[in-house]
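Just so it is clear: chains get the letters A, B, ... in the order the sequence lines come, proteins before strands, and each one is counted from 1. Reckoned from all heavy atoms, side chains included, excluding hydrogens, waters and symmetry mates. Everything quoted here is computed from the prediction, not taken from an experiment.
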2 protein chains.
Amino acid sequence: MSETVKQVEQEFLEYVGKMSAYGEALSLIFWDLRTGAPKKGVEQRSQVIGILSAEVFDMSTSDKMGFFIERLSEADAVGVISEITKKTVEHCKKEYERNKKIPAEEYKQYVILQSKAESVWEEAKEKSDFDMFKPYLEELIETNKRFITYWGYEGNKYNTLLDMYEPGITVEVLDQVFGDLREKIVPLVKAISESSHKPDTSFLFEHFPKEKQRDLSIEILEQMGYDFQAGRLDETVHPFEITINNRDVRVTTKYDESDFRVAVFGTIHEGGHALYEQNISKDLVGTPLCTGTSMGIHESQSLFYENLVGRNFHFWKKNYDLLKSYAGGQFDKVTLEEYYRAINESKPSLIRIEADELTYPLHVIIRYEIEKGLFNDEIEVKDLPQIWNDKYEEYLGIRPDTDANGVLQDVHWSGGMFGYFPSYALGLLYAAQFKNTMLKDLPEYDELLEKGELKPIQEWLTHHIHQFGAMKKPLEILQDVTGEGLNAQYLVDYLYEKYQGIYQLN
Amino acid sequence: MSETVKQVEQEFLEYVGKMSAYGEALSLIFWDLRTGAPKKGVEQRSQVIGILSAEVFDMSTSDKMGFFIERLSEADAVGVISEITKKTVEHCKKEYERNKKIPAEEYKQYVILQSKAESVWEEAKEKSDFDMFKPYLEELIETNKRFITYWGYEGNKYNTLLDMYEPGITVEVLDQVFGDLREKIVPLVKAISESSHKPDTSFLFEHFPKEKQRDLSIEILEQMGYDFQAGRLDETVHPFEITINNRDVRVTTKYDESDFRVAVFGTIHEGGHALYEQNISKDLVGTPLCTGTSMGIHESQSLFYENLVGRNFHFWKKNYDLLKSYAGGQFDKVTLEEYYRAINESKPSLIRIEADELTYPLHVIIRYEIEKGLFNDEIEVKDLPQIWNDKYEEYLGIRPDTDANGVLQDVHWSGGMFGYFPSYALGLLYAAQFKNTMLKDLPEYDELLEKGELKPIQEWLTHHIHQFGAMKKPLEILQDVTGEGLNAQYLVDYLYEKYQGIYQLN
């Protein structure tokens, strides 16, 4: 080619800019579908999603993309192309190779399988009938195993799946940190369930009108530093955050009039995701790096706000009166201390998404151990309900009554998402580890919460994490911020200190 | 090429399906931008619009499109390709030729000019300073004249512009019908302004809460047959209808708490547009024919509902109690007759978009006469304010006090939209002519309104107009439905009968 590297770089950036524009259109379509698109239009809309997604996929695996990757990886490109271009090329290369290695026909079959499996799972869950879902799950796992042979793996087959959601995180890392975590948490959970000093939660469930919850949610988001000029809050059945572009980062929440916690903590959680996206450097706009770097780091930001801010005593010292002003008389006879203990109740439960912050990691660890076993041929699908239930009994002290409340509860596997679950617990681990470092820079952390001054906290997170988008890999961020690798001790210390206090275990 | 016609047809339909998918994404983006997209995200969003629009434009003028048009227009294609494909090819061919004939650089300059002119116009209107806008308007007209030489014309240069919005409508047709209309309406307007029997409108402007207006709007839309499973109602500064796809046809309205008419008649108007789009045959989905056939026919449907249904005495005989149930005591001492006369008040005014159904056509005719003069070198831009004001005085009996209230009032010219205005009055003419035919099939029209049974009316319109989308040209529809060409007499008769009654002119 006679083009200079600079020219190729320019063309490449335009090319990924176009992919990113299609991505923005798709994001808006998804947001719209979940916030009130008319039912009857959905069928045609699915066609549009199919066409736009196929276009993005084709662009990511095209010969042109192949050319860009090759040319911009050559020796003479070093030092000529920008750092952002370099990282963008790396990102595209990874995707290119991953997608190219699967024969088109096999991938097509897999997409069909996913879609079938999801609808079968839905029915199986409803009927609590694992056998119905079993053959699909087997085929999903077999297909993913075959894909792993195409993609290759290092150390452990499951690593290749982990890498899709949390690049750099391996079985070796997880065995260590999840092992530490489980070992320390299981006895704490047990101690709590035996504690006689349990919080009274009865006052949480009084009628709290939706509009009041909405106004409160908006006020809390503003306090967090969420920019409503670059986002909006809507209502959906399942709360989520979605980035249309990084100046248009939307959140949704759910209002349960007999449990205000759903909206308040849901909003804070999604708000944490949104702060990450709103504060990515504008230099990354139009590239695939203009997003959170991984599922786990993303979750660390939402959980930081949900747990380390939103369930912190000092946060409510500031906001309890605000809460009371929106509620009816619900909290009139409840002290701040009682309220704080109530919203931090910990209790073993069967359903992951309803779990509290202490028991939550155990739900994830169970899934991790099972997935690892499945992909290393140590566990067979047919044995899953038994293994699942045994692990719940062992770690949480309770046994699922049905498969709907056990192995069938989550949608992930039906969509072929193996390797995803660990991110949820990694979010908790990262968050606690970040907080430990943050305290060195912001020793007045608790006072800031008490004053409702959350800006320095957001600025710290932006400076150390948000701004980089996907320019840095998860463990690179962790190392740069905290000076060490992943270490479960920070989360363990945090949970012990907090829950020993609440349940008076000392 | 060795491909069979059938294969080419299949590829062509996929190709236009893709264009239509991009169009759907763009429509959703526009809807979103106007219904609450966060401000700060708009800049990046504009990039996305640019990229997607350019893609659609490129596809419409590509060599591939050229090949499709050529191959599918050949003799051996006749009888092989479907009627829908044939009309789609015609549609694409027209666009292809129109776009191909403008040199790319000139078109680019024109787009820049439009964008500059719009912002200058905005300021000029604010300052009521025509001289500021004059050079831009001159250049816009010069450019369009040059484009007309590229495109060619038949009969009159202005015909080429008319054809963009109302295919088949020519200066010859408009001179005839607008001439007839003006001649008949001007004396009626004069008689009304001299009538001593004017309606009392004072009671219209009492406080009517927004939420109540919203609930009323929804009820009226439902009565009209608007399908809320295939649409939704939102609030915007300027009401509009937008088609995402033909099972997702959205309307918006505006709530003025001291003038409920804004929402009620605005909603009915946009609802009329929406009924057209919701009832296009599903066979046309994914083609460019799945939309209203022209601006004028579209406007005929919205105006049919707004005026011939919504301002009809019998419609309110059914709905006056409903209105009262949503309003406060506003109408307690107002008889149905008084109410009916009030909402049909006619009064010469300076601003087109605020005009009533009788004086409205005169606003349009003035613009038509001026545009025709400009493109036939009979009027110079510098003389526009004078000519404008003289015409208002002659036809409406009032003279604009400022250019902001005169020649600068509309945005259209600043965007280079010449030939568009006539559609508005054509809508009124078509509607009255359709109604005349409809009465032969549905002589019980007024009774249907009185019973709130609007279904047969919508079905009639769907059967004769809606279902065809853009398969038929405007005058083809008119001929097929009414058995004749455009005839101003129907509108004249309707207006005379109605306003002679209201103002007791006999």
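For chain B, the option among Gly286(A), Ala37(A), Ala21(A) with the highest count of heavy-atom pairs below 4.5 Å is Ala21(A). Of the listed residues Gly41(A), Ser20(A), Pro38(A), the one with more heavy-atom pairs under 4.5 angstrom with chain B than any other is Pro38(A). Highest contact tally toward chain B, considering only Val285(A), Asn246(A), Asp32(A), Ile49(A), is held by Asp32(A) [criterion: heavy-atom pairs under 4.5 Å]. The most heavy-atom pairs under 4.5 Å with chain A, out of Lys18(B), Glu43(B), Arg232(B), Gln229(B), come from Gln229(B). Chain B forms the most heavy-atom pairs under 4.5 Å with one residue out of Gly17(A), Ala230(A), Gly50(A), and that residue is Ala230(A). Per-residue counts of heavy-atom pairs under 4.5 Å with chain A were compared for Asn245(B), Val249(B), Leu26(B); the largest is that of Asn245(B).
Under the 6.0 Å cut-off for aromatic ring centres, Phe67(A) and Tyr15(A) do not qualify, their centroids lying 6.0 Å or more apart. Side-chain rings of His269(B) and Tyr305(B) stay apart, their centers remaining 6.0 Å or farther from each other.
Side-chain atoms of Ser115(A) do not come within 3.5 Å of backbone N or O of Val111(A) as any donor-acceptor pair.
A cation-pi geometry, defined here as NZ or CZ lying under 6.0 Å from the six-membered ring centre and within 45° of its normal, does not hold between Arg214(A) and Tyr255(A).
Heavy atoms of Arg250(B) lying under 4.5 Å from chain A belong exclusively to its side chain. For Gln47(A), no part lies under 4.5 angstrom from a heavy atom of chain B. Contact annotation for Glu55(A): only side-chain heavy atoms (C-beta onward) come within less than 4.5 Å of a heavy atom of chain B. Residue contact with chain A, scored on non-hydrogen atoms closer than 4.5 Å, involves the side chain of Ile51(B) exclusively. Only the side chain of Ile244(B) comes within contact range of chain A, judged by heavy atoms closer than 4.5 Å. The part of Thr35(A) that comes within reach of chain B is its backbone (N, CA, C, O), which places non-hydrogen atoms under 4.5 angstrom from that chain. For Asp227(A), the part sitting under 4.5 Å from any heavy atom of chain B is the side chain, from C-beta outward, and nothing else.
Looking only at atom types and distance, the side chain of Gln44(B) has no donor-acceptor partner in the side chain of Ser46(B) under 3.5 Å away. Residues Lys210(B) and Gln213(B) have side chains that never bring a donor and an acceptor to within less than 3.5 angstrom of each other. For the residue pair Gln467(B)/Thr462(B), the side-chain donor-acceptor check at 3.5 Å is not satisfied.
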Could you go step by step and tell me if Cys92(B) and Phe12(B) meet the side chain to side chain contact (heavy atoms under 4.5 Å, CB included) rule? CA-CA 11 Å; Cys92(B) 292; Phe12(B) 171 68; 4.0 Å; yes
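Taking OH of Tyr226(A) as the start and OG of Ser217(A) as the end, the distance is 12.0 Å to the nearest 0.5 Å.
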